[in-house]
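Structure, as structure tokens:
Residue numbers begin at 1 in each chain, while the letters A, B, ... track the order of the sequences.
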Amino acid sequence: MNVKYLIPFVEAAYEVLKAEAHITMTRGELSLEKSPYVTDDVTVLISLVGDVQGTVFYGMNAKTCVAISSAIMGEQLKELNNLAQSGIAELGNVITGRASVKLSQTGFQSTISPPTLLLAKGATISTLDFARLVVPLTSDVGNIVIHLALRESATKGANAALLKVPSAPGV
Amino acid sequence: MTNVKFLNPFVDAAAEVLKAEVQLSIRRGNLSLQKSAMTADDVTVLLSLVGQVQGVVMYGMSTTTALDLVSRMMGQEFTEFDNLAQSGVAELGNVITGRATIKLSEAGYQSNISPPTLIQGHSIQVSTLDFSRIVVPLMTESGQIVVNLALRESPPDSQDRNFVPISVP
């Protein structure tokens, strides 16, 4: 896991939460973890494929999730309903998308997958041989913990399956 | 909208990989299309696809099935779902999905897969949001593996949304 992937995500999270939800986040202490993650109430999980590959997840409790979704939607949500779930997944999507644009500016092209939402406290998520860089972000409405299990792809620059195969290769 | 044409590459890949790696033949159960969140079994291997087909693929099974599969794969008896067993079952998901994407590319849909993520937790809710899932149970001697496909054809303009083509020097 490389720390150089961290800054794009922290910047993206700060900018997106500020713009979309008017929430100011403060970065907490970094840590590197190898053991599986035991989930909080809500986890948004998104994969990156390309020059940088791996998985990013955003964990938070239900109260924080509802508060952030309410701020994005501009209406007070009472519970973790479909709208709140969709809002938080989209937030993860926008943050990760913005981070991947920032990563591409530093020379690492990657494509992000659609988000997956885990609703379960106490489940474990393992990224196997990918160690995770863990960054807590704190705010008035609660904490979001970003987990980055990323590494540079071995096939950097030769992302074969994304290249179009010419229909009639010239001799 | 999930497309059924993406199903067969996965079922075929699973049959071939399980035959080759763990000498198991599979029997396909009844298909269903689900829109609500998936309620997970003990072990879920999750991989994402990006490219002309995008979305999430999940393989769910009980711990007993996972242990039996890994025991067959590695040729030694596993009684505990330890790191090696987790790695084995994730790799199985990786190989099946990788093989399925080769089949998809032969059908004209290029895609790349993410590294696998392993989720453990019985009856947790996993939502793929606006992606509906094709669910197909595969019955084996080791137990049941449930394949969940939340895939769709990428809209033509969104595919390269944050992908900048490699420039030739």
Inset, instruction - Measure B:Val126 against the heavy atoms of chain A and call it side chain, backbone, both or neither at under 4.5 Å. - result: both

Inset, instruction - Would you mind checking which part of B:Thr117 comes under 4.5 Å of any heavy atom in chain A, side chain (CB onward), backbone (N, CA, C, O), both or neither? - result: both

Inset, instruction - With a 4.5 angstrom heavy-atom cut-off, could you sort out which part of A:Thr116 is near chain B: side chain, backbone, both or neither? - result: both

Inset, instruction - Test A:Tyr58 against every option in A:Thr43, A:Thr96, A:Asp40 by the side-chain hydrogen bond (donor to acceptor under 3.5 Å, both in side chains) rule and name the one that passes. - result: A:Thr96

Legend entry - Best-contacting candidate, B:Leu47, B:Ile113, B:Leu49, B:Ile102, against chain A by heavy atom pairs under 4.5 angstrom: B:Ile113

Legend entry - B:Thr63 side, atom OG1; B:Asp42 side, atom CG - distance, nearest 0.5 Å: 3.5 Å

Legend entry - Over-ring placement of A:Arg132 relative to A:Tyr37, 6.0 Å and 45° cut-offs: no

Legend entry - From CD (B:Gln52) to CZ (B:Arg152), nearest 0.5 Å: 15.5 Å

Inset, instruction - Answer with side chain, backbone, both or neither: which region of B:Ile119 has an atom nearer than 4.5 Å to a non-hydrogen atom of chain A? - result: both

Legend entry - Contacting moiety of A:Leu118, where chain B heavy atoms sit under 4.5 Å: both

Legend entry - Heavy-atom side-chain contact between B:Phe10 and B:Val57 under 4.5 Å: yes

Inset, instruction - Name the member of A:Ala120, A:Pro114, A:Ser113 that forms the most heavy-atom pairs with chain B at distances under 4.5 Å. - result: A:Pro114

Legend entry - For chain A, the option from B:Ile124, B:Leu118, B:Thr44, B:Asn83 that forms the most heavy-atom pairs under 4.5 Å: B:Leu118

Inset, instruction - Pick one of side chain, backbone, both or neither for A:Leu45, based on which atoms fall under 4.5 Å of a heavy atom in chain B. - result: side chain

Inset, instruction - Step through the shown structure and confirm whether more than 12 heavy atoms of other residues, nucleotides or ligands are within 6.0 Å of CD on B:Glu141. - result: no

Legend entry - B:Thr39 (side chain) donor-acceptor with B:Ser123 (main chain) under 3.5 angstrom: no

